[in-house]
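Heavy atoms only: backbone and side chains are in, while hydrogens, waters and symmetry mates are out. Counting starts at 1 for both ligands and their atoms, in listed order.
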Amino acid sequence: MAEAPDRDRLFPKLNDAQVARIAQRGERRSVRRNEVLWEVGAPRIDFYVILSGSIEIVQPLPGREESITVQGPREFTGDVDLIFGHPAVVGARAREDGEVLALRREALLAVVQTDPELSDLLLRTFLQRRAFLIAHGKGDAVLVGSRHSADTLRIREFLSRNGRPYTYLDVESDERVQDLLERFGVRPEDLPALIVRGKLLLRKPTNVEIAEHFGLSSAIEDGKVHDLVVVGAGPAGLAAAVYAASEGLDVLVLETHAPGGQAGTSSRIENYLGFPAGISGQLLAARAFTQANKFGAKFAIARSGAALGCEPKPYTIELEGGGAVKARTALIASGVRYRSSDIPGVERFEGTGVYHAATHLEAQLCGREEVAVVGGANSAGQAVVFLARTARHVHMLVRGSSLAESMSRYLIRCIEELPNVTVRTQTRIVALEGSGPCLERVRWRNDATGEEETRDIHHLFLMIGADPNTAWLGGCVALDDKGFVKTGNDLSAEDLAKARWPLARSPYPLETMLPGLFAAGDVRAGSVKRIASAVGEAAACIQLVHKALQE
Ligand SMILES: Cc1cc2nc3c(=O)[nH]c(=O)nc-3n(C[C@H](O)[C@H](O)[C@H](O)COP(=O)(O)OP(=O)(O)OC[C@H]3O[C@@H](n4cnc5c(N)ncnc54)[C@H](O)[C@@H]3O)c2cc1C
């Protein structure tokens, strides 16, 4: 149950004028004591303002139900799932006879799109409620897993980055686990297991299965031709969705993992305009995702673009796992991903000691232990600063001779101030050791002196080099020698001849060698690898999408 002052923040009361404006788009209706307003997992729920009586919000747990809060007159129900159109993570029932104002999701979207005061209040409250549910592990899922399992970390990352509240029970340390495993007939080899809505059991689920069960991938409509399909929901894809949807285009975004892309894994972004105190990547992504949904953009999570058909009008993007989507115009915003390292045996420890992101989840796994971070760019610097808050000591291993070659000055200064960080330049890892599945020791060598050192380190963060996510494009668009997508003036006469460029005009600045197919953000050749540039390019791209749609 939320306590004051949380209560006032999470359950603000509407004033008369606000209730009257909402009433214009909804209907008054009576509710009876114990009437279920919606069940947890209901695919489409209404938004309610309580006029009289009270409503109890409940969380399903295996074999029982827990009360989260009781809401009274002038308070309103719901959280971000109402905006996203995702199934409800909690349930609600009337505690007594009363009266409510009920609005369908479409009517609620109309309110937040047209009433700035209510938009601010409702969206802020919905985001805060979701943050509360996540922080308190209250929701419709219980994950039973092990801290030594890569699959457990994968599922935890997937749920967390998609803003799904869940309770985590560790098989090695939580005494409630045994009872639960017996009740659901789960064997140790079935772990990690996800219990959804207190009933359904998923054994070692893939991200695709999880997304399906939580309704995150249901936006795909067979046969529909969208104005714009965006592939990738990093900063570029999210910005494109916001600008396109707010200008009335029908936009669908495909995302393999979670909204936010690389930026979503950043512990603190300090250089994005308008956030003087910095903002976590996860929060920036959650806000942008909510903003895009508010304007009506549709998202299909855990649905990857697997192949692009080269024929335009419409473009066909085949999906991994089957199916396809069609688009009059499309935006390649699939970004980059960390290169897998050439350290011998590294694959063995992926997810059980070797990580490519430093978020709260990984920091929790590290506890007070000593850790190592490999890389000399800003992402590695952020990881060092973040991990140094909780780890006993952070070793930063850099191949170059100084951080100044590759890192922003503000981060170098932060690192220099940290007493528990050692920067080791001209250093590279030569061996990873561990007798079981978990990393136990790391050996590195200083290239200048030839000296080697082995330390008992169980957690290693690899943040080195990134490759563009362009394999799915097949041969349809021209790539530069590193695999980034060529656009605009970078396209040679040869590229255009090969594609049989059909228009009298030349390609627009962010257009590929196929008309109406654009690229923005880190995946684009020559782009500046920054959040602001990805967002800016995507915004500019939507102007060009309008022009292409008219051709
Ligand atoms: C840890 C870290 C910290 C950073 N900190 C900063 C910072 O402080 N300031 C700053 O300006 N920049 C920072 N950056 C860089 C910044 O995050 C990137 O420049 C930015 O995220 C690029 O955005 P993007 O949308 O082009 O690509 P990405 O962020 O790479 O997003 C691409 C998205 O596409 C998805 N995708 C890939 N292939 C497919 C497919 N086939 N189908 C569907 N989806 C697909 C991916 O899952 C991903 O979500 C940081 C990067 C990292 C890794």
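If you look at Ala258 next to ligand 1, the close heavy atoms, those under 4.0 Å, all belong to the backbone. Both the backbone and the side chain of Asp522 come within 4.0 Å of ligand 1, judged by heavy-atom distances. Contacts between Ala383 and ligand 1, counted as non-hydrogen atom pairs separated by less than 4.0 Å, are absent for every part of the residue.
Looking from atom 41 (N) of ligand 1 to the surrounding protein, the closest heavy atom is Gly305 O, 2.9 Å. Given atom 47 (O) of ligand 1, the protein heavy atom at minimum distance is Glu255 OE2, 2.6 Å. Ranking protein heavy atoms by distance to atom 20 (C) of ligand 1, first place goes to Pro235 CG, 3.9 Å. For atom 31 (O) of ligand 1, the closest non-hydrogen atom of the protein is Gly234 CA, 3.4 Å. Regarding atom 34 (O) of ligand 1, its nearest protein heavy-atom neighbour is Gly232 CA, 3.2 Å. Atom 11 (O) of ligand 1 has Ile531 N, 2.9 Å as its closest protein atom, hydrogens excluded (heavy atom only). Ranking protein heavy atoms by distance to atom 2 (C) of ligand 1, first place goes to Ser379 CB, 3.4 Å. For atom 4 (C) of ligand 1, the closest non-hydrogen atom of the protein is Gln382 OE1, 3.7 Å.
Taking distance alone, with nitrogen or oxygen atoms compared against 3.5 Å, Glu270 stays at or beyond that limit from ligand 1. By the 3.5 Å distance cut-off applied to N or O atoms, Gln262 is counted among the residues near ligand 1. Checking only distances, Arg303 never comes within under 3.5 Å of ligand 1, N or O to N or O. Between Val523 and ligand 1, a contact under 3.5 Å exists for no N or O pair. The N/O atoms of Ala532, backbone and side chain alike, include none that comes under 3.5 Å of an N/O atom in ligand 1. Residue Asn271 has at least one nitrogen or oxygen atom sitting less than 3.5 Å from a nitrogen or oxygen atom of ligand 1, judged on distance alone. Not one N or O of Ala534 is nearer than 3.5 Å to an N or O of ligand 1, by distance alone. Considering backbone and side-chain N/O atoms, Thr256 comes within less than 3.5 Å of an N/O atom of ligand 1. Checked against a 3.5 angstrom limit, the closest N/O atoms of Tyr338 and ligand 1 fall outside it. Checked by distance only, ligand 1 and Val336 come closer than 3.5 Å through their nitrogen or oxygen atoms.
Although no hydrogens or angles enter the test, the distance criterion places no donor-acceptor pair under 3.5 Å between the side chain of Asp227 and the main chain of Thr329. Side chain of Asp467 to main chain of Arg337: no donor-acceptor pair is present (N/O by atom type, distance under 3.5 Å, no hydrogens or angles). Between the side chain of Ser218 and the main chain of Leu216, no donor-acceptor pair closer than 3.5 Å is present.
When Ala520, Gly278, Ser334, Ala263 are checked for heavy-atom proximity to atom 37 (C) of ligand 1, Ser334 turns out nearest.
Contact check on Glu255 versus Arg161 returns no salt bridge, with no Lys/Arg side-chain nitrogen under 4.0 Å from an Asp/Glu carboxylate oxygen. Contact check on Asp81 versus Arg164 returns a salt bridge, with a Lys/Arg side-chain nitrogen under 4.0 Å from an Asp/Glu carboxylate oxygen. We find that Glu370 and Arg455 are joined by a salt bridge, their nearest charged nitrogen and carboxylate oxygen being less than 4.0 Å apart.
Looking only at side-chain heavy atoms (C-beta outward), Asn207 and Arg154 come within less than 4.5 Å of each other.
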Output a table of donor-acceptor pairs, distance under 3.5 Å, between side-chain atoms of residues 294-302 and any protein atom two or more places apart or on a different chain; print 'none' if there are none.
residue, atom, partner, partner atom, Å
Lys294, NZ, Ser119, OG, 3.2

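A donor-acceptor pair shorter than 3.5 Å can be found between the side chains of Arg156 and Gln364. Looking at His546 and Glu247, their side chains do bring a donor and an acceptor atom within 3.5 Å of each other.
Every atom of ligand 1 is numbered from 1 in the order shown, and the set under 4.0 Å from a heavy atom of Ala333 is 32 (C), 33 (C), 34 (O). Annotation for ligand 1: atoms under 4.0 Å from non-hydrogen atoms of Arg530 are 10 (C), 11 (O), 12 (N), 19 (O).
Heavy-atom separations between Asn378 and ligand 1 are all 4.0 Å or longer.
Paired with Thr487 under the rule side-chain hydrogen bond (donor to acceptor under 3.5 Å, both in side chains), one option of Glu537, Glu511, Arg524 passes, and it is Arg524.
His395 and Trp444 have tilted rings, their planes meeting at an angle from 30° to 60° on a 0 to 90° scale. Between His257 and Phe158, the ring planes lie perpendicular to each other; the angle is over 60°, past the 30° to 60° tilted range.
In summary, the aromatic rings of His356 and Phe461 are positioned with their centroids too far apart to meet the 6.0 Å limit.
In this structure, the side chain to side chain donor-acceptor pair (under 3.5 Å) partners of Tyr355, at least two apart in sequence or on a different chain, are His459.
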